[in-house]
Amino acid sequence: MHRIFASETAAAPGDSHEQVVLCHDRDSGLKAVIAIHSTALGPALGGTRFHPYASEEEAVQDALNLARGMSYKNALAGLDLGGGKAVIIGDPAPRAEGGDKSEALLRSYGRFVQSLGGRYVTACDVGTYVADMDVVARECDYVTGRSPENGGAGDSSVLTAFGVFQGMRASAQHRWGAPSLEGRRVGVAGVGKVGHYLVRHLVEEGARVVVTDVREDAVNRIRAAHPEVEVAADADALIRADLDVYAPCALGGALDDTTVPALTAGIVCGAANNQLAHPGVEKDLADRGILYAPDYVVNAGGVIQVADEIQGFVFERARAKAAKIFDTTLEIFDRARADGVPPAVSADRLAERRMADVGRLRSILLTGPRKQ
């Protein structure tokens, strides 16, 4: 409760949230949390994560962390959207396969999102897919990431991976003086929805790629598509391997007091959200001379893709916006160097400035409908 009600002066900047909704439908088995961090720039946009959390407290904490990250991500992506996130507690496998996901549960969730009247717009995340969003949309007007046949943008992992690749190229430019990964050894931890697209970009670039994933089928898919890719035994082995770039692309908290001292890579740039396990890790990375590309900056391609769907999806337009992640990442590195702070601090400052400057405009009263 303190985390939710904390004022900006009593907590870290950006730590308080506008609204948290607990959703429960006994008949369908739905237990969900919708967290709205900020609507300073517009409706809160963020995906729906379906995960078997160990406790309700863990689910709420994850929703809060992810929602905050979406505010900063959307701000730095130049979107007129705030930040929110939802989590559904349970096994994301279909009910017919022993999991908790069902049509009734997804439609029930859609009704809860609809009840917020557009303050929150949802999309896919870990454990949810385009087909799921099509089901949610049968009860809700505020859904993106739908299938192309239903007027949507389809799989947002495509531009998420593209954006991470652009952030990685910018990192290479800043560290080595050229925006190329050719010949560099890149470790990708997690080759699921986003990671396998990232591997393809890296292989086409001429990078030497090493992967790991807890799911054997995900690794086998990479082996079948890219036989030249190496496979590490596990995430710990990958972290300790001789790498130029480490790309965490699974769940959050990958960078902590154990992993950071063990890293050999000079650059960390990946798709996972909330990679820093706790405040201070960004300084630990900087003290070791490791260049960290802030996760919410480089993984914004997916939200750019689903946001474009709101005005009628055009892939080329969305891809052009995602390509600008290269420039944004370089700007953050340059600002960080000029200010003598880690890139994560520089990124936070830039996002907070935009939320404050643009959000302030809400105080200027408008009367009548605004022409589009």
Side-chain angles (χ1 to χ4, degrees), residues 47-55 58-59 61-63 65-66 69 85 87-95 97-101 124-129 132 155-158 160-161 164 168 185-203 207-243 245-265 268-278 281 295 298-299 302:
T48 299
R49 179 164 294 189
F50 205 134
H51 185 70
Y53 293 95
S55 66
E58 182 183 329
Q61 188 63 53
D62 201 28
N65 291 340
L66 292 166
K85 204 79 170 188
V87 301
I88 298 176
I89 303 171
D91 184 340
R95 188 158 294 174
E97 299 175 10
D100 296 309
K101 188 183 293 182
C124 301
D125 196 74
V126 176
T128 59
Y129 302 87
D132 298 328
D155 184 7
S156 64
S157 302
V158 174
T160 301
V164 173
M168 203 176 287
R185 198 159 189 250
V186 182
V188 181
V191 287
K193 291 171 70 174
V194 175
H196 82 279
Y197 286 117
L198 179 60
V199 169
R200 186 180 70 186
H201 286 298
L202 291 167
V203 169
R208 296 178 295 138
V209 182
V210 189
V211 305
T212 189
D213 198 293
V214 295
R215 293 180 53 186
E216 187 175 355
D217 61 326
V219 173
N220 289 339
R221 176 172 61 173
I222 292 295
R223 279 176 163 151
H226 310 288
E228 68 274 35
V229 167
E230 299 176 51
V231 178
D234 53 32
D236 185 61
L238 182 65
I239 288 166
R240 297 173 186 279
D242 184 18
L243 302 174
V245 182
Y246 174 57
C249 295
L251 296 177
L255 302 172
D256 57 23
D257 296 336
T258 301
T259 58
V260 170
L263 274 170
T264 63
V268 174
C269 178
N273 288 309
N274 298 326
Q275 293 170 25
L276 305 179
H278 59 77
V281 175
D295 49 49
V298 302
N299 68 14

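By convention here, the first residue in the shown sequence is residue 1. None of the values given here were measured: they were computed from a predicted structure.
Within a 6.0 Å sphere centred on CD of Glu228, other residues, nucleotides and ligands contribute more than 12 heavy atoms.
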Let me see the working for Glu97 and Asp91 under side-chain contact (heavy atoms from CB on, under 4.5 Å), right down to the final yes or no.
CA-CA 10 Å; Glu97 299 175 10; Asp91 184 340; over 6 Å; no
With side-chain contact (heavy atoms from CB on, under 4.5 Å) as the test, would you mind laying out the steps for Val191 and Arg221 before giving the verdict?
CA-CA 9 Å; Val191 287; Arg221 176 172 61 173; over 6 Å; no
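With sequence neighbours excluded, the residues forming a side chain to side chain contact (heavy atoms under 4.5 Å, CB included) with Asp125 are Arg49, Lys85, Thr128, Asn273, listed by chain and number. Asp256 is linked by a side-chain hydrogen bond (donor to acceptor under 3.5 Å, both in side chains) to Thr259, counting only residues two or more places apart in sequence or in another chain. Ala224 meets the side chain to side chain contact (heavy atoms under 4.5 Å, CB included) test with no other residue; sequence neighbours excluded.
Here the OG-CG distance, from Ser157 to Asn299, works out to 11.0 Å after rounding to the nearest 0.5 Å. Taking NE2 from His226 and NE2 from His196, the interatomic distance works out to 8.0 Å, rounded to the nearest 0.5 Å. The CG atom of Asp236 sits 9.0 Å away from the OG1 atom of Thr258 when rounded to the nearest 0.5 Å. Atom-to-atom distance recorded for Asp295:CG and Cys249:SG is 11.0 Å, nearest 0.5 angstrom. Between atom CG of residue Asp213 and atom CG of residue Asn220 there is a gap of 10.5 Å, rounded to the nearest 0.5 Å.
Looking at Asp100 and Phe50, their side chains come closer than 4.5 Å, going by heavy atoms from C-beta outward. In this structure, Leu243 and Leu238 have side chains that are in contact, with non-hydrogen atoms separated by less than 4.5 Å. Val298 has its side chain out of reach of Met168: every pair of non-hydrogen atoms, C-beta onward, lies at least 4.5 Å apart. Between Val281 and Gln275, the closest side-chain pair of non-hydrogen atoms is not below 4.5 Å. Between Tyr246 and Leu255, the closest side-chain pair of non-hydrogen atoms falls below 4.5 Å. For the pair His51/Val87, no side-chain contact is recorded, criterion being any heavy-atom separation below 4.5 Å from C-beta on.
Look at Arg215 and Asp217 and you find a salt bridge, because one of the NZ, NE, NH1 or NH2 atoms lies within 4.0 Å of a carboxylate O, short of that distance.
Minimum heavy-atom separation, Ser156 to Thr160: O-OG1, 2.9 Å. The minimum heavy-atom distance between Ala254 and Pro248, with the atom names listed, is CB-CB, 3.9 Å. Shortest non-hydrogen contact noted between Gly127 and Pro92 is O-CB, 3.6 Å. Here the closest heavy-atom approach between residue Asp62 and residue Tyr53 is recorded as OD2-OH, 2.5 Å.
No side-chain donor-acceptor contact under 3.5 Å links Thr212 to the backbone of Ala189. Between the side chain of Arg185 and the main chain of Val210, no donor-acceptor pair closer than 3.5 Å is present.
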